[in-house]
Every structure is written in structure tokens, then in C-alpha cells.
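One structure below.
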Amino acid sequence: MEKVTMVERIKNLMHDKNISQVELAKLCKTTQSSLSPALSGKMKIGEKFGRNIASALGVSYNWLLYGDGKSKKEIKKEATPILGEASCG
């Protein structure tokens, strides 16, 4: 099984959320010309930039970096409302 890279996870999330590079750059308070080399693999994504991207895409930095655990999106899908589930005696 091939390992998914951080850049691939970013691109997948951008596709899922229908976010362009320009839109993601705005969310990260940077420019598309700064973001583009990172998404093409020409520039390493540092921790600060990676955390900004993760925050903009609504996932944890750890998930974005390693793919470990679940993205916030997956956690929300599994969350069950507490109200209405308990019954009293």
C-alpha cells in the first residue's frame, strides 16, 4: 500500500471542499504564488505553514502531517448526539 503524502492530503481536502489554491492561500493569509510551490512539491512545508493550512482546511496538523488518527471531518461524521439517547428508569 502506497503512503499518502501531506501534499496529497492537502490536495484531497481541497478537492473535497471545492477550494482553489487562491482560496486556500487567502484562508492561510498568504498568496497563491507562495502556496503553489508547496503544493507542487518544490518547497518543503514547514510546521508554521502546515499548521496554517491544517487550520484553514479544518483538520488537525498531526492528521495533515502523518495521516494518523482521523480528520476532524471524519470525527464529526461519527459523532452521535447525546440528547435523546439516554432513558430514565
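Quick note: residue numbers are just sequence positions, from 1.
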*Connected via hydrophobic side-chain network under 4.5 Å: Tyr66 and Ile45*: yes
*Shared hydrophobic cluster, Leu24 / Met43 (ILVMFWY, side-chain heavy atoms < 4.5 Å)*: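 Linked, Leu24 and Met43 end up in one cluster.
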*State which residues pass side chain to side chain contact (heavy atoms under 4.5 Å, CB included) with Lys11; sequence neighbours excluded, sorted by chain then number.*
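For Lys11 the side chain to side chain contact (heavy atoms under 4.5 Å, CB included) partners, ignoring immediate neighbours, are Val7, Leu39.
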_Partner set under side chain to side chain contact (heavy atoms under 4.5 Å, CB included) for Lys29, not counting sequence neighbours_ =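 Side chain to side chain contact (heavy atoms under 4.5 Å, CB included) list for Lys29, sorted by chain: empty.
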*Any salt bridge (Lys or Arg N to Asp or Glu O under 4.0 Å) involving residues 44-56? Give me the pairs, sequence neighbours left out, ordered by first then second residue.*
Glu47-Arg51
Can you name the side chain to side chain donor-acceptor pair (under 3.5 Å) partners of [X], sequence neighbours left out?
X: Thr30; value: none
X: Ser20; value: Glu23
X: Ser34; value: Thr31

For [X] against [Y], the heavy-atom pair lying closest together:
X: Arg9; Y: Val4; value: NH1-O, 2.7 Å
X: Phe49; Y: Ala38; value: CE2-CB, 4.0 Å
X: Gln32; Y: Gln21; value: NE2-OE1, 2.7 Å

For the atom pair [atom1] ([X]) and [atom2] ([Y]), what is the distance rounded to the nearest 0.5 Å?
X: Leu13; Y: Ile53; atom1: CG; atom2: CD1; answer: 10.5 Å
X: Leu27; Y: Lys17; atom1: CG; atom2: NZ; answer: 10.0 Å
X: Leu65; Y: Ile10; atom1: CG; atom2: CD1; answer: 9.5 Å

*Given side-chain contact (heavy atoms from CB on, under 4.5 Å), test Leu57 with Ile19 step by step and report yes or no.*
CA-CA 9 Å; Leu57 292 174; Ile19 295 175; 4.0 Å; yes
*Indicate yes or no for a side-chain donor-acceptor contact from Ser36 to the backbone of Ser33 under 3.5 Å, with no hydrogens or angles considered.*
no
